[in-house]
Amino acid sequence: MKTFYVTTPIYYVNREPHLGSLYTTIVADCLTRHKRQRGHETFFLTGTDEHGINIQRIAEREGITPREHADRIATQFKKMFRMFHLDTEHGGYDIFMRTTERFHYEGVSELWRRAARNRSPKGRENIYKGFYEGWFCASCAAYKTEDEYRKAEEEGQPPLCLEHNIPLDRVSEESYFFRLSDYSETLLELFERPGFIRPESRRNEVISFVKSGLQDLSVSRLKTSVSWAIPVPDDESHTIYLWIDALSNYITAIGFGNQERERVAGFEKFWPAVHLVGKDILRFHAVYWPAFLIAAGLEPPRVVYAHGMLLDGEGRKMSKTLGNTIDLDVLHKHFQTDAVRYFCLREVVFGQDAKFSYEALIDRANSDLASGLGNLSSRTLTMINRYCGGQVPSALINEEKYLAAKRAGVDPDPQALASALEHARDQFIIFFDDFAFSRAIETAWGVVARVDKMLSNAKPWELVKTEEQHQTLHAVLYRAAEALRWLCVLLYPVMPEATARIYEQLGLQGSPAQLNPGSLRWGELPEGTRIGEVKALFPRIDKAKTMSEIEKANEQAGGTHATEADAVAGAEAKSETKPEPPMRGATEAEAVPGAESVEGVTQFIEITDFAKIDLRVGQVLTAERVPKSDKLLRFTIDLGEETPRQVLAGIAEYYEPEKMVGRKLVVVANLKPRKLRGFESQGMILAASIGEEGRPVIATFTEDVPNGARLK
RNA sequence: GGCGGGGUAGCUCAGCCGGUCAGAGCGCAAGAUUCAUAACCUUGAGGUCGGGAGUUCGAGCCUCCCCCCCGCUACCA
């Protein structure tokens with residue numbers, strides 16, 4: 001039996017569940033159900049990523065243990081998935097993976113050991129300790145090996161990063177490294193596999209990233225700095241950093257490195273997987289992860305599919321600060337699960353960003369589901385009830401009635417309709433295999449339109465009036481009912497509940513889940529079947545009313561949040577109040593280079609260290625953009641010295657040069673001068689770095705200060 | 001700045017190698033109809049296919065230039 005293994009990212013427990021995680025999980029669920037119908041043995045993984053310094057900190061702030069915090073968030077995820085019927089009981093995921101499980105520890109250790117035992121493609125150690133030669137590039141957020149930096153021209157100066165051409169810092173923390181730099185060729189070869197990275201445009205991005213040169217990856221932290229993590233095998237003093245820990249969940253969950261899970265799922269049986277990931281974490285899954293696997297002598301994933309982000313109705317990122325998020329409780333309260341699923345799969349072109357708004361959802365639900373599929377089902381079944389005594393009628397039109405049928409505009413031969421359905425069926429499957437869910441669904445809706453038209457043309461309500469046309473009437477209604485049956489089978493993965501209900505209303509036993517869409521044959525709807533009670537599947541949603549209810553709920557929620565925020569004013573902002581991309585799933589949450597990596601090496605300094613930094617008050621005399629640079633502004637600044645300094649700063653995207661003139665600010669006065677875009681910068685302007693994109697906000701004084709005054 | 005992807009009806013988008021390609025769905029309007037969840041069916045939108053130039057018998061679809069948007073990436077001491 002063929003197997004199919006699909007994963008969502010494991011969601012990082014630094015924030016509560018949000019629409020993004022729901023979306024990815026819905027897609028995975030849909031894929032799984034479709035494959036199951038097609039006769040594959042499937043395994044569907046989702047879960048949470050629970051280690052790391054961030055979780056340690058959050059827990060500290062909450063006054064609980066990291067484990068308790070992780071439990072809390074994991075529970076919320078499970079609850080959310082249950083709410084939207086994505087849990088095991090509803091036929092959803094097979095495992096809710098947690099990286100704090102014991103079997104995961106075992107599997108991760110095994111992966112590490114195997115990688116460490118093997119040699120890289122260039123015959124070197126895969127994992128090595130890189131502590132004595134700890135040249136760290138702040139921009140790369142990575143350590144540099146000898147062939148990745150250039151010696152400084154002067155004796156005694158730090159070497160320069162080849163990529164950034166900036167001096168490297170000597171960092172004392174020791175760390176294990178993964179020899180990623182030896183894997184470029186191997187990876188580029190892997191990317192040639194058709195469909196390995198999708199969509200195609202993303203594949204190109206990854207290729208150009210790899211071609212630009214890979215650096216070795218720091219894969220451990222000192223236990224003294226990150227204790228909430230899996231220990232490095234055979235080295236008590238280190239813990240395994242994000243990458244290997246989080247990514248390897250995809251194999252430990254199905255039994256790599258542990259008997260317990262192997263029995264339940266089966267690594268040999270299910271690996272390799274199809275990974276569904278947000279586009280923001282594609283690199284980790286398409287580059288690092290395959291490299292780890294290859295290093296350990298394992299097969300890389302089958303597919304890494306990067307999907308897009310869900311944006312608000314205006315196309316902006318969703319964020320709590322903007323107040324444009326979709327509240328999952330609200331969503332659940334006002335919409336059927338199947339309507340949400342339908343919207344996610346039909347409105348969104350899988351792989352691309354999409355707008356997600358309550359209004360659009362209501363429109364889709366009303367036009368496609370209520371007026372479309374729901375109405376077709378309703379009119380068909382009602383007519384069978386009324387004209388055929390509630391039993392699926394005969395499909396047969398005797399030869400002597402052919403003429404009558406034709407007179408009524410009905411083809412005595414159902415072949416045309418049957419062929420159309422077969423074609424739609426084949427297209428549907430092709431689209432599904434290509435992850436083109438929206439196209440597949442469009443195809444199904446072509447069938448809905450066709451059957452609607454057939455009914456309108458044949459006018460069963462007229463046929464019923466003439467005895468001679470009763471066979472025609474029955475045949476037409478049979479055809480409609482049979483088409484409905486096909487639609488149930490095709491659309492089951494998209495809307496498991498609604499299709500099951502139509503199926504039931506058709507009087508059929510069992511569930512469309514058990515039928516293979518590829519095996520649909522015309523005419524297998526048994527005649528004489530007593531149909532069930534006809535009920536509206538998708539009640540029409542009153543848009544105005546629903547929207548005003550939602551808005552009211554939002555206002556209340558907004559008010560509550562504000563109060564809470566006030567109550568903890570002064571406390572650090574919680575991570576979930578920061579504007580973050582909605583799709584930021586777990587496996588990557590920590591994986592923002594520069595964030596955690598830098599934190600990992602932050603150490604206390606002595607007051608004497610601080611005294612080395614000469615901070616001065618400066619006043620901007622002139623300011624202008626640096627030609628051919630997006631970000632650089634060139635200033636001359638009066639530091640109370642004889643001649644003003646020339647200083648460059650990368651703030652052009654956020655500050656108008658004209659408005660900077662005359663401003664007082666803080667300058668690092670004894671920074672080693674450096675050339676940028678041909679201009680020497682003789683200092684550095686201090687600014688706060690805000691939010692995801694690091695928007696600079698320049699440090700200023702509220703009182704008057706003389707130029708050149710020293711800060712200490 | 002480099003690389004990549006886009007800019008087509010009010011909205012969301014199809015349009016493969018250039019010649020029924022000027023389209024679909026939604027929304028909107030009119031008509032028809034009553035089996036159905038004010039639904040279904042028919043018809044209509046006269047949109048410079050981002051702007052300009054060119055190649056061609058003929059160009060959303062090819063070439064060049066320009067404008068705008070998005071993604072990746074450099075610079076941001």
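Quick note: numbers below take in every heavy atom, side chains included, and nothing from hydrogens, waters or symmetry partners. All chains are named by letter (A, B, ...) in the order of the sequence lines, taking the proteins before the strands, and each is independently numbered beginning at 1.
Not one side-chain nitrogen or oxygen of A:K279 sits closer than 4.0 Å to the OP1 or OP2 atom of B:rC70.
For an aromatic pair to be called close, the ring centres must be under 6.0 Å apart, and A:Y23 with A:F356 fails this. For A:W445 and A:Y342, the ring centers are positioned less than 6.0 Å apart.
The C1' atoms of B:rA29 and B:rG46 are separated by 15 Å, rounded to the nearest whole Å. Atom name C1', nucleotides B:rU12 and B:rG18: the rounded distance is 27 Å, in whole Å. B:rU55 and B:rC64: their P atoms are spaced 15 Å apart (whole Å). Comparing the same atom, P, in B:rG52 and in B:rG15 gives a spacing of 25 Å after rounding to whole Å.
Nucleic acid contact for A:K459: none, since no nucleic acid atom lies under 4.0 Å from a heavy atom of the residue.
Side chain of A:D638 to main chain of A:Q619: no donor-acceptor pair is present (N/O by atom type, distance under 3.5 Å, no hydrogens or angles).
Closest contact between the side chain of A:K355 and the listed nucleotides B:rG71, B:rU12, B:rC41 involves B:rU12. Set against B:rC40, B:rA38, B:rC35, the side chain of A:W461 has B:rC35 as its closest nucleotide. Listed nucleotides: B:rC41, B:rG71, B:rU37. Nearest to the side chain of A:A536: B:rU37.
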